[in-house]
Amino acid sequence: MSDGSDSDGGSLNFVEVHVEKDLADGRFDGRVQTRFPPEPNGYLHIGHAKSICLNFGVAKKYGGKCNLRFDDTNPTKESTEYVESIQDDIRWLGFDWGEEQLFASDYFEQLYAFAVQLIEKEKAYVCDLTAEDTREYRGTLTTAGRNSPYRDRSVEENVELFASMRAGEFPDGSRTLRARIDMASPNLNLRDPVLYRIMRATHHRTGDEWCIYPMYDFAHGQSDSIERITHSICTLEFENHRPLYDWCLDALEIYHPRQIEFARLNMTYTIMSKRKLLELVRDGHVTGWNDPRMPTIIGLRRRGYTPESLRSFCETIGVAKFNSTIERGVLENSVREHLNKVAPRVMAVLRPLKVVITNFPEGETELLDAVNNPEDPQAGTRQVPFSRELYIERDDFMEDPPKKFFRLGPGREVRFRYAFFVKCNEVVKDESGEVVELRCTYDPATRGGSAPDGRKVKGTIHWVSAADAVSAEVRLYDHLFRTENPEASEEGGGYQENLNPTSLETLSDCRLEPSLAVAEPGQRFQFERLGYFIVDSVDSSADGLVFNRTVTLRDSWAKIQRRKGK
RNA sequence: UCGGGGAUCGGCUAAAGGUAAGCUGCCUGACUUUGAAUCAGGUGACGAGGGUUCGAAUCCUUCUCCCCGAGCCA
């Protein structure tokens, strides 16, 4: 294909361009095999979702496979908790890596053999320099390094020493195995990089079997090679490592995949660093990796995001080498778009204001038909009870409203969704002057929401019947950070200075229409005129419903207000 | 300072020497029993200079700015 497009007419991202070129050149016998290689040292976040969609997506598009391989070469940071969460998250996202459980740690024996081969080829040596000395010998960005005094040990001595390293005869950090490349290389990764270090730590899979562990650079490429990966797709920061990736494979004379680097995802109002996300959890700024404010997959999931929305998000943002930052709103749009199609509509009042319909008979209830989802006729209808005492949203009433306020005010008439036209006659206040109740009349002739006399109302508001309402707690989430780029702090402090103090608002006195009484954890709804909400999977129970707001609806009224406020 | 990358509407991406396109945002308007959704229109870009060419976002060149790199992390 040379016109830059695929069969659907969509354009190719640059990775796919490279893959198609390789396919056309017969470079890997027409195979495409990718891999997603997380280190199990934290939970996956939306940035990983980009990589997952890319790797699994490219494999699928060209009839290949994508492996899930854990890059578990540093036992001090890794655990099975993370392994399991990563598998869960990938499955939930909708991807399948087959039955294989792949771990770099499964290749430790093979990797060790590779290292011995390198020694035998005089391309690696055991070095006794301390960590500090190693750094000092390495030189700087602008000055060449110096050869280690241990660089010219004999093959025999190196083989023996390396075996002793493995056998546990030396203390942690006392020796390393290094590649013999070029201490004067302008690429610091090539200045005799460390291949193995001595580290007594219990590995989550190999236990105490090993006391030496391979470095990323010596494990990753060879693991790719063993799995016969064709395209090893990673992020930009590994671009400087590619010469070393290639060097190892060439030195070993083994199958040689191609590494391609793309720009990782950055998003406004959040951070993507695993280390910093871990700090947020540890320091108690969030309730856990699954806090709905976290950019983690599990957090977004609990927040109410759908796998479809995350996948379509990854599709829209594209893949390139330019270091870009995606607006948070793009993510929000992706979930709105999906939920608009599938989420059942219900009425819920978050901040209740009592309304008494003075001309509606006491103790009576009228059942009204409401559409479950106007975007999906199959979803059918349900009945909602209307009675003398109702609740409406406090925001839907103003005592002294401007002309363009289409909701309730003294003397104004609006439509109560799916019910009647209602007119406000009287405003009741408490001693402090706060509005506590509205006394209104309804027009029985407008049942269902339209007037036989053809009169129109400008606004439609949601409501719930007071006697029939179910109570719930609703958690409203806002950006975790108050600045677009939390990493850039004004006072020179850390990103934590930019935490948004109002990122969570908990409303405990919400009233929902009765159909919600049986809502199950994980069920998603649109609360009409408010947003999309999900029953919390952790804290919600039958006698204590808890909802998380996934995202608000677009709100052009709020936008107008904001514009005026400026 | 050395090496490796990068720069196209406000944001994100296409254009593979031949009409700078799409999505999103923003602004209008239509419709509306969700100020939602939907629909229509508008706004708006090749980092700068030089060169090659009939023709350059694309090739060459100089410059500017940004990112990555001196872990026994990945």
Side-chain angles (χ1 to χ4, degrees), chain A residues 1-5 10-13 17 37-39 41 71-74 76-78 127 129-131 134-136 138-145 172-178 185-191 193-199 212-213 215-217 219-220 234-243 261 263 268 274-275 316-327 329-330 333 336-337 340-341 345 347 370-371 374-375 404-407 414-419 421 446 448-450 457-462 526-531 552-560:
Chain A
M1 254 174 262
S2 61
D3 64 347
S5 24
S11 59
L12 261 31
N13 65 50
V17 171
E39 183 189 14
N41 68 343
D71 227 327
D72 54 350
T73 56
N74 184 357
T76 62
K77 295 187 173 170
E78 299 151 5
C127 181
L129 251 24
T130 62
T134 304
R135 188 184 322 123
E136 205 247 311
R138 186 155 36 227
T140 70
L141 293 177
T142 49
T143 62
D172 284 11
S174 61
R175 285 184 161 91
T176 57
L177 181 75
R178 295 227 257 161
S185 171
N187 182 337
L188 305 222
N189 292 127
L190 262 21
R191 318 243 265 227
V194 171
L195 267 22
Y196 269 89
R197 72 284 216 193
I198 304 173
M199 178 163 52
I212 59 171
Y213 291 95
M215 298 286 290
Y216 165 85
D217 287 304
H220 197 87
C234 62
T235 46
L236 252 27
E237 67 268 29
F238 292 102
E239 213 154 18
N240 292 327
H241 291 249
R242 182 159 23 101
E261 311 85 10
T268 56
K274 264 201 233 178
R275 196 197 91 229
T316 25
I317 60 176
V319 178
K321 295 196 77 155
F322 175 57
N323 212 308
S324 62
T325 302
I326 308 294
E327 292 166 343
V330 177
N333 280 336
R336 283 195 187 101
E337 196 178 5
N340 175 49
K341 293 278 180 272
R345 272 59 167 173
M347 291 199 284
V371 174
E375 299 286 327
K404 300 291 276 271
F405 186 80
F406 301 146
R407 313 174 192 181
V414 299
R415 173 168 38 235
F416 277 32
R417 181 112 161 123
Y418 296 126
F421 285 11
T446 58
S450 50
V457 287
K458 194 68 183 144
T460 300
I461 66 174
H462 60 276
Q526 183 196 102
F527 290 0
E528 292 218 30
R529 303 208 307 133
L530 297 174
T552 61
L553 250 31
R554 275 207 191 85
D555 189 347
S556 55
W557 170 246
K559 197 192 285 179
I560 292 165

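Proteins come first, then strands; the chains are lettered A, B, ... in the order of their sequence lines, and each starts at number 1.
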B:G6 pyrimidine/purine six-ring stacking with A:Phe322, under 5.5 Å and 30° = no
Just call it for A:Glu528: base, sugar-phosphate, or nothing, with non-hydrogen atoms closer than 4.0 Å on any strand.
-> base
Reckon A:Gly318 touches a base, only the sugar-phosphate, or nothing at all at heavy-atom distances under 4.0 Å?
-> nothing
Spacing of A:Glu261 atom CD relative to B:C67 atom C1', expressed in whole Å | 14 Å
Between P of B:A36 and CZ of A:Phe406, the distance in whole Å = 10 Å
How long is the line joining CZ of A:Phe416 and C1' of B:U34, in whole Å?
-> 15 Å
What does A:Ile326 touch in the nucleic acid at a heavy-atom separation under 4.0 angstrom: a base, only the sugar-phosphate, or nothing?
-> sugar-phosphate
Whole angstrom is fine here: how far is it from CG in A:Asn340 over to P in B:U32?
-> 18 Å
Do A:Arg242 and A:Asn189 meet the criterion of a side-chain donor-acceptor pair at a distance under 3.5 Å?
-> no
Rounded to whole Å, the NZ-P distance (A:Lys321 to B:C67) equals 17 Å
Separation between the C1' atoms of B:G44 and B:A20, rounded to whole Å = 13 Å
The Watson-Crick or G-U wobble partner of B:A16, with both key distances under 3.5 Å, is none
For A:Phe527, which contact category applies under a 4.0 Å heavy-atom criterion: base, sugar-phosphate, or nothing?
-> nothing
Kindly label the base of B:G69 as syn or anti, based on whether its glycosidic torsion lies within 90° of 0.
-> anti
For A:Arg407 and B:U34, what is the distance between atoms CZ and P respectively, to the nearest whole Å?
-> 13 Å
Against the side chain of A:Asn333, the closest entry in B:U24, B:U13, B:G35 is B:U24
Same-atom distance (C1') from B:G3 to B:C9, integer angstrom | 34 Å
Between A:Thr176 and A:Arg178, is there a donor-acceptor pair closer than 3.5 Å when you use the side chain of the first and the backbone of the second?
-> no
Could you give the distance separating B:C46 and B:G35 at their C1' atoms, to the nearest angstrom?
-> 39 Å
Find the distance A:Glu337:CD to B:U38:C1' and express it as a whole number of Å.
-> 12 Å
In Watson-Crick or G-U wobble terms, with both distances under 3.5 Å, the base opposite B:C65 is B:G6
Rounded to the nearest angstrom, tell me the gap between atom CG in A:Asn13 and atom C1' in B:A15.
-> 15 Å
From A:Glu136 CD over to A:Thr130 OG1, what is the distance, rounded to the nearest 0.5 angstrom?
-> 9.0 Å
Within the structure shown, what part of the strands sits under 4.0 Å from A:Arg345 by heavy-atom distance: base, sugar-phosphate, or nothing?
-> base
Find the partner of B:U28: check Watson-Crick (N1-N3 plus N6-O4 or O6-N4) and G-U wobble (N1-O2, O6-N3) distances, both under 3.5 Å, and reply none if neither fits.
-> B:A40
Watson-Crick or G-U wobble partner of B:G71, both distances under 3.5 Å = none
Could you check whether A:Lys559 gets within reach of a base, just the sugar-phosphate, or nothing at all, counting any heavy atom under 4.0 Å?
-> sugar-phosphate
Which of these nucleotides, B:A37, B:G35, B:U34, is closest to any side-chain atom of A:Arg417?
-> B:U34
Base, sugar-phosphate alone, or nothing: which one does A:Ser450 contact when heavy atoms must sit under 4.0 Å apart?
-> base
Which part of the nucleic acid, if any, lies within reach of A:Val319 when heavy atoms closer than 4.0 Å are counted: base, sugar-phosphate only, or nothing?
-> sugar-phosphate
Just name whichever nucleotide pairs with B:G55, Watson-Crick or G-U, keeping both distances under 3.5 Å, else none.
-> none
A:Arg191 side-chain N/O to A:Arg138 backbone N/O, donor-acceptor pair under 3.5 Å = yes
Quick one: label A:Gln526 by what it contacts on the DNA or RNA (base, sugar-phosphate, nothing), any heavy atom closer than 4.0 Å.
-> base
Could you write nucleotides 68-74 of chain B as a row of B, S and -, 5' to 3', where a protein heavy atom under 4.0 Å of any base atom gives B, of only sugar-phosphate atoms gives S, and otherwise -?
-> BBBSBSB
